[in-house]
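Order of listing sets the numbers, starting from 1, for every ligand and every atom in it.
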Amino acid sequence: MLNIVIFGPPGSGKGTQSARIVKKYDLTHLSTGDMLREEMEKNTPLGKQVSEYIDKGLLVPDDIVLKMLYDYAAGHMDSPGFIFDGFPRTIVQAEALDNLLDKRGIPINVVLSVEVEEKELLKRIVGRGEDSGRTDDSMEIANQRLDVYKKQTMPLIDYYKEQGKIAPINGMQPVDEVFGDICQAIEAVKAVQ
Ligand code: B4P
């Protein structure tokens with residue numbers, strides 16, 4: 001069993017790298033961002049509710065995200081491992097995830113912390129916005145998302161450092177090189193399992 005969290009600011013490449021990790025290590029991909037966007041695209045009641053937060057660059061409330069986590073986990077009990085992408089984003093979410101995994105005796109093995117400079121993040125997000133159709137990819141909302149990241153999500157670095165689980169990844173490199181460093185970090189934890 002391999003449980004990986006991929007962590008980083010908006011636009012750091014979590015989604016990009018998760019797709020590669022899933023392919024190579026045959027893990028179940030849990031992306032709260034993808035799940036929320038799917039609800040928005042289908043225009044479900046939940047989608048309408050969460051778009052109020054996402055469109056403003058705010059985090060969706062913990063209770064909504066945690067319900068999604070529990071429902072998804074219940075449907076994937078036989079998975080050989082998970083990659084948690086864009087989740088957790090708050091201390092409350094991190095504690096809930098630890099509780100869920102501890103109960104099953106399958107803790108997080110490593111937290112890949114993808115580090116990218118702010119100027120580059122904004123360039124990538126606004127660049128993606130040109131064809132993504134994502135309502136949160138404008139410069140104004142991207143700045144708001146970065147503020148939210150600093151206030152609500154960055155404290156998780158210390159949370160996971162205390163658990164000795166952080167693997168820093170230089171996300172300023174080309175995609176293939178970032179992936180190479182990620183694979184090295186994953187192989188290192190697999191070797192001590
Ligand atoms: P997410 O879907 O998680 O989006 P993200 O943080 O913007 O993107 P990511 O880091 O995955 O970037 P990507 O690979 O696409 O969240 C969206 C919103 O949903 C949040 O703001 C929040 O409102 C809500 N939400 C999600 N999870 C939540 C939670 N747990 N709790 C509360 N709310 C939640 O890469 C970005 C761009 O960079 C792409 O265009 C890519 O091609 C490019 N790129 C990637 N790697 C590169 C590299 N190495 N070099 C150059 N370009 C690169």
- Query: Side chains of Tyr159 and Asp98: donor-acceptor distance under 3.5 Å anywhere?
  - Reply: yes
- Query: Are Gln152 and Thr90 linked by a side-chain donor-acceptor pair shorter than 3.5 Å?
  - Reply: no
- Task: Have a look at Ile83 and tell me which of Thr28, Ile6, Asn3, Ile186 forms a side-chain contact (heavy atoms from CB on, under 4.5 Å) with it.
- Result: Ile6
Are the charged groups of [X] and [Y] less than 4.0 angstrom apart, N to O?
{"X": "Glu41", "Y": "Arg37", "value": "no"}
{"X": "Asp63", "Y": "Lys67", "value": "no"}
{"X": "Lys123", "Y": "Glu118", "value": "no"}
{"X": "Asp137", "Y": "Arg128", "value": "yes"}

- Side chain Arg20, main chain Phe179, donor-acceptor under 3.5 Å: no
- Item | Ser51 side chain to Lys48 backbone, donor-acceptor under 3.5 Å | yes
- Message: Is there a continuous path of hydrophobic side-chain contacts, each under 4.5 Å between heavy atoms, that joins Ile21 to Leu97?
- Response: no
- N/O of Gly15 under 3.5 Å from N/O of ligand 1, yes or no? yes
- Ignoring angles and geometry beyond distance, decide whether Phe87 reaches within less than 3.5 Å of ligand 1 through its nitrogen or oxygen atoms. no
List the closest protein heavy-atom neighbour of [atom]: residue, atom name, distance to the nearest 0.1 Å.
{"atom": "atom 49 (N) of ligand 1", "answer": "Gln173 O, 2.9 Å"}
{"atom": "atom 33 (N) of ligand 1", "answer": "Val60 N, 3.1 Å"}
{"atom": "atom 31 (N) of ligand 1", "answer": "Gln93 NE2, 2.9 Å"}
{"atom": "atom 6 (O) of ligand 1", "answer": "Lys14 NZ, 2.8 Å"}
{"atom": "atom 27 (N) of ligand 1", "answer": "Thr32 OG1, 2.7 Å"}
{"atom": "atom 39 (C) of ligand 1", "answer": "Arg128 CD, 4.0 Å"}
{"atom": "atom 29 (C) of ligand 1", "answer": "Arg89 CD, 3.5 Å"}
{"atom": "atom 41 (C) of ligand 1", "answer": "Thr16 OG1, 3.7 Å"}

- Minimal non-hydrogen separation, Gly47 against Met40, with atom names: O-CG, 3.4 Å
Ligand-residue contact atoms, ligand 1 with [X], heavy atoms, under 4.0 Å:
{"X": "Gly86", "answer": "27 (N), 28 (C), 29 (C), 30 (N)"}
{"X": "Gly13", "answer": "10 (O), 12 (O), 13 (P), 14 (O), 35 (O), 45 (C), 46 (N)"}
{"X": "Leu36", "answer": "24 (C), 25 (N), 26 (C), 34 (C)"}
{"X": "Val175", "answer": "46 (N), 47 (C), 48 (C), 49 (N)"}

For ligand 1, indicate whether the residue [X] contacts it via side chain, backbone, both or neither (heavy-atom separation under 4.0 Å).
{"X": "Arg145", "result": "side chain"}
{"X": "Val65", "result": "side chain"}
{"X": "Leu58", "result": "backbone"}
{"X": "Arg37", "result": "side chain"}
{"X": "Arg134", "result": "side chain"}

- Examine ligand 1 and decide if any of its atoms is less than 4.0 Å from a heavy atom belonging to Ser12. yes
- Message: In this structure, does ligand 1 have an atom that sits under 4.0 Å from one of the heavy atoms of Met172?
- Response: no
- Option of least heavy-atom distance to atom 38 (O) of ligand 1 (set: Arg124, Glu177, Met35): Arg124
- For atom CD of Glu115, decide whether the heavy atoms of other residues, nucleotides or ligands shown that lie under 6.0 angstrom number more than 12. yes
- Query: Got Tyr149 and Arg89 here, is their nearest side-chain heavy-atom distance under 4.5 Å?
  - Reply: no
